Amino acid sequence: MSQTVDRALSILPLLAEGPADLGQVADRLGVHKSTALRLLRTLHEHGLVYRQSDQRYRLGARLFALAQEAMENLDIREIAHPHLVRLNEQCGHTVHLAVHEENEVLYIDKVESRYPVRMYSRIGKPVAITVAAVAKLLLADLPEPERRALADKLDYPLYTARSTPNAAAFLRELEQVREQGWATDLGGHEESINCVAAPVRGADGRVVAAMSVSAPNVVVTADELLTLLPQVRRTADAISGEYSGRTPVKGTPA
């Protein structure tokens with residue numbers, strides 16, 4: 001039975017490359033055409049493959065519907081949280097996870113610093129969208145027309161001397177973030193707080209969330225915090241892999 005399932009599932013990556021006829025499927029699987037036909041019929045009955053009028057097979061609509069449903073039911077916070085905790089245990093600083101929803105960037109998870117000086121950020125609270133490192137990552141991933149339209153609508157409060165002053169400067173910064181794949185807020189919102197952030201990506205490569213490590217100057221300097229960037233990026237990559245299904249969950253067979 002396991003061999004039959006394995007063979008049936010092996011058909012799907014083949015058809016992802018494009019439509020294939022019965023002979024091509026049989027050749028790829030290394031089986032007789034009658035065996036390949038039985039597998040294709042079963043997959044067809046479940047809507048996972050579709051037989052075209054030219055007798056070639058392609059992936060079925062049901063497969064795309066299942067994939068979409070699975071993506072919608074993924075909880076990025078649940079997946080990310082153990083990784084955030086692990087990073088916090090390693091570095092000791094405050095770790096955040098944020099998402100972009102309805103023109104706001106919101107914190108959806110936070111692991112507190114082990115140090116007595118704490119940040120006043122709260123889960124569910126919007127971030128300072130023009131200066132926060134997580135916001136820069138999420139907005140940098142938008143298509144250029146959307147970035148420009150959003151930048152033109154935003155206000156640019158000068159929280160500190162390092163705050164982003166206007167739309168032109170914001171767009172330049174978003175372009176830099178888009179190219180380098182990470183972001184910082186070095187005293188842009190609060191003079192004494194610095195932050196480094198990295199993107200969490202879905203299976204399609206788009207940024208679905210952003211995570212960051214933040215710390216006050218009295219605990220660690222900006223330069224010292226920046227040395228954690230490789231660790232932050234590795235954590236974000238690990239979350240991305242688990243969220244997109246590219247890497248197995250720890251403790252499960254590959």
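Remember, predicted model here, so these are calculated numbers, not experimental data.
Linking Ile, Leu, Val, Met, Phe, Trp and Tyr residues whenever their side-chain heavy atoms come within less than 4.5 Å leaves Val99 and Leu137 in two separate clusters. The cluster map of Ile, Leu, Val, Met, Phe, Trp and Tyr, joined by side-chain heavy atoms under 4.5 Å apart, puts Val177 and Leu171 in different clusters. Leu59 and Leu29 fall within the same hydrophobic cluster, where Ile, Leu, Val, Met, Phe, Trp and Tyr residues are linked whenever their side-chain heavy atoms come under 4.5 Å apart, directly or through other members.
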>> Walk me through whether Leu87 and Gln231 qualify under side chain to side chain contact (heavy atoms under 4.5 Å, CB included).
In response: CA-CA 8 Å; Leu87 179 60; Gln231 200 171 351; 3.7 Å; yes
>> Between Val131 and Arg162, is the side chain to side chain contact (heavy atoms under 4.5 Å, CB included) condition met? List the steps.
In response: CA-CA 9 Å; Val131 292; Arg162 296 183 179 182; over 6 Å; no
> Checking side chain to side chain contact (heavy atoms under 4.5 Å, CB included) for the pair Leu15/Arg58: CA distance, chi angles, key distance, verdict?
Replying inline: CA-CA 5 Å; Leu15 299 186; Arg58 60 173 171 81; 5.6 Å; no
> What do the steps show when you test Thr184 against Asn194 for side chain to side chain contact (heavy atoms under 4.5 Å, CB included), and what is the final call?
Replying inline: CA-CA 8 Å; Thr184 62; Asn194 299 304; over 6 Å; no
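Classification of the Tyr107-His96 ring pair by plane angle, with boundaries at 30° and 60°, yields parallel.
Rounded to the nearest 0.5 Å, atoms CE (Met211) and OG (Ser240) are 10.0 Å apart. Here the OG1-CG distance, from Thr94 to Leu84, works out to 12.0 Å after rounding to the nearest 0.5 Å. The CG atom of Leu37 sits 5.0 Å away from the OH atom of Tyr57 when rounded to the nearest 0.5 Å. Atom NE2 of residue His81 and atom CG of residue Asp75 lie 11.5 Å apart, to the nearest 0.5 angstrom. Distance check, rounded to the nearest 0.5 Å: CD of Glu224 to CG of Leu226 gives 10.0 Å.
Of all the heavy atoms in Val220 and Ala215, the pair that sits closest is CG1-CB, 3.3 Å. Considering all non-hydrogen atoms of both residues, Lys33 and Gly23 come closest at CE-CA, 3.9 Å.
Atom CD of Glu78 sits in a sparse spot, with 12 or fewer heavy atoms from other residues, nucleotides or ligands closer than 6.0 Å. At most 12 heavy atoms of other shown residues, nucleotides or ligands fall within 6.0 angstrom of atom OH in Tyr50. Annotation for Arg233: atom CZ counts as buried by contact number, over 12 foreign heavy atoms lying within 6.0 Å.
Although no hydrogens or angles enter the test, the distance criterion places a donor-acceptor pair under 3.5 Å between the side chain of Ser113 and the main chain of Gly92. Although no hydrogens or angles enter the test, the distance criterion places no donor-acceptor pair under 3.5 Å between the side chain of Arg28 and the main chain of Ile11.
Tested against Asn88 for a side chain to side chain contact (heavy atoms under 4.5 Å, CB included), the candidates Val111, Thr235, Val213 yield a single pass: Val111.
A salt bridge is defined here as a Lys NZ or Arg NE, NH1 or NH2 lying under 4.0 Å from an Asp or Glu carboxylate O, and Asp54 with Arg56 meets this definition.
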Which side-chain N or O atoms in residues 144-154 pair as donor and acceptor under 3.5 Å with protein atoms at least two apart or in another chain?
| residue | atom | partner | partner atom | Å |
| --- | --- | --- | --- | --- |
| Glu144 | OE2 | Arg148 | NE | 3.1 |
| Glu144 | OE2 | Arg148 | NH2 | 3.4 |
| Arg147 | NH1 | Leu142 | O | 2.8 |
| Arg147 | NH2 | Glu175 | OE1 | 3.2 |

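Under the salt bridge (Lys or Arg N to Asp or Glu O under 4.0 Å) criterion, Arg41 pairs with no residue, sequence neighbours left out.
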